[in-house]
Protein chains: 2
Amino acid sequence: MNQTPQGTSGQTLLFLTDEQLRKGIEAMFFAYRGFTADPDRILSDLAYGRAHHRAIHFIHRSPGTTVNNLLAILGVTKQSLNRVLRSLIADGLVSSTVGKRDKRERHLHLTDKGAALERSLSDAQRDRMRSAYRAAGPAAVAGFRQVLEAMMDDEMRHHYLALVDKPDGR
Amino acid sequence: MNQTPQGTSGQTLLFLTDEQLRKGIEAMFFAYRGFTADPDRILSDLAYGRAHHRAIHFIHRSPGTTVNNLLAILGVTKQSLNRVLRSLIADGLVSSTVGKRDKRERHLHLTDKGAALERSLSDAQRDRMRSAYRAAGPAAVAGFRQVLEAMMDDEMRHHYLALVDKPDGR
DNA sequence: CTAGTCATGTCAACAAGGCTGACGTATTGT
DNA sequence: ACAATACGTCAGCCTTGTTGACATGACTAG
């Protein structure tokens, strides 16, 4: 539909105008605001922010994960993460237990209260995602994921793939 | 490929598991970091941040735009935007001229220096977008844009569509 | 013309959430 | 025994967002 030069490895190369690429860039910008809008609204009522949401999300996804592990996925410093974890633990949303095999590690879990918040956040985010998926159709959804995956940094793609091929935490 | 119930208006409804939706959510999260990574690297050498990038991008896209207009697109307070604009103007990257028809308005343009920075930022971002598009293929690209568009808030979609159907600023 | 509204700029104060650097304490591996 | 690792924490700094208040000049409706 839009090919011209032939790539090196049998790959068909696309001819892509700056215009087409710019549209993609702007779509990412505007869509990401929608993507975070609903959880942000819920969180702001609770004196939490997006950083708390991320921590909660990934603890939910990988129950028992360690602090170091979370650090690698979130890509922030331990001081930043610690500030968030401290408040979540203090508020009884997250539990931190000393590792059995390696006592230096702390294993993180959501408490019932934490799981309840996680559910309300991800319900809101899934609702929007669901309606976007429905509006666009199944073929579009597959393409959506392909492009996003190709856009990730290598390291983040590894984290992504490791997560995605794992059963849901719930 | 994945339909089941019939929608109201001839629309085919998709059956979407929480699992599928969650993958999309995580893909957005990891991809957005890649999306901003390259410009962020360039900007951090110049004591600018993502906020400056956004202002520069949209001034480039809509030369002569007003402050109020930019405010609506960026969705921040005028105090936030003003802080950024002030530094860009002081550093000679952006020019602000009194409106001809309405003298209350200020029309914003990139200077040569500002345009040069814009180019280096968008080159970096387009390179990544281009390689993602190539890796995913043209059908995937169409789907990518469709899903993102459906994910936007109504107001943001209006801004997006107005921009996208406009010739490139360069 | 006058009153009200609008576009913009600015000051002050505050919060979230990044960052660096430094230090301390267990615990583990060599 | 010693070095490396996992974690927690203190202090301080930056960017970028917020609210609230106030000022100026320029339009606009009555």
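Note: hydrogens, waters and symmetry copies are ignored here, and every other heavy atom, side chains too, is used. Every chain is numbered from 1 and lettered A, B, ... according to where its sequence line falls, protein lines coming before strand lines.
In this structure, the OH atom of Tyr48(B) is 16 Å from the C1' atom of dC14(D), given to the nearest Å. What separates CG of Asn82(B) from P of dT10(C) is a distance of 5 Å, to the nearest Å. In this entry the distance linking CG of Leu74(B) with P of dT15(D) reads 18 Å, nearest Å. Rounded to whole Å, the distance from CG on Leu71(B) to P on dT16(D) is 16 Å. Nucleotide dA16(C) holds its C1' atom 15 Å from the CG atom of Leu46(A), rounded to whole Å. A straight line from CG of Leu43(A) to P of dA16(C) spans 13 Å, rounded to a whole angstrom. Protein atom CG of Asn68(A) is 14 Å distant from nucleotide atom C1' of dT27(C), rounded to whole Å. We find that CG of Leu85(B) is positioned 11 Å from C1' of dT8(C), with the value rounded to whole Å.
Checking the phosphate oxygens (OP1, OP2) of dG18(C), no side-chain nitrogen or oxygen of Thr77(A) falls inside 4.0 Å. An OP1 or OP2 oxygen of dT15(D) is reached within less than 4.0 angstrom by no side-chain nitrogen or oxygen of His52(B). Between Arg54(A) and the phosphate of dG18(C), there is a side-chain N or O to OP1/OP2 separation shorter than 4.0 Å. Taking only side-chain nitrogens and oxygens, Arg86(A) comes nearer than 4.0 Å to OP1 or OP2 of dC10(D).
The base of dT27(C) has none of its N or O atoms less than 3.5 Å from a complementary donor or acceptor on the side chain of Lys103(A). Checked by distance alone, Gln79(A) brings a side-chain donor or acceptor within 3.5 Å of a matching partner on the base of dG21(C). Not a single donor-acceptor contact under 3.5 angstrom links the side-chain atoms of Glu105(B) to the base of dG25(D). On a pure distance criterion of 3.5 Å, no polar donor-acceptor pair joins the side chain of Arg106(B) and the base of dT8(C).
Residue contacts shown for Arg83(A) include a base, since a base heavy atom lies under 4.0 Å away. Counting any heavy atom pair closer than 4.0 Å across all strands shown, His107(B) reaches no nucleic acid atom.
Between Asp153(B) and Arg128(A) a salt bridge is recorded (basic side-chain N to carboxylate O distance below 4.0 Å). A salt bridge between Glu26(A) and Lys23(A) is absent, with no side-chain N of the basic residue lying under 4.0 Å from a carboxylate O of the acidic one. A salt bridge does not link Asp38(B) to Arg126(B): none of the charged side-chain nitrogens sits closer than 4.0 Å to a carboxylate oxygen.
Using the six-membered ring where Trp is involved, Phe144(A) and Phe144(B) have ring planes that are parallel, under 30° apart on the 30 and 60° scheme.
Set against dG9(C), dA22(C), dA4(D), the side chain of Lys78(A) has dA22(C) as its closest nucleotide.
Nearest heavy-atom pair, Val147(A) versus Ala136(B), reported as atom, atom and distance to 0.1 Å: CG2-CB, 3.6 Å.
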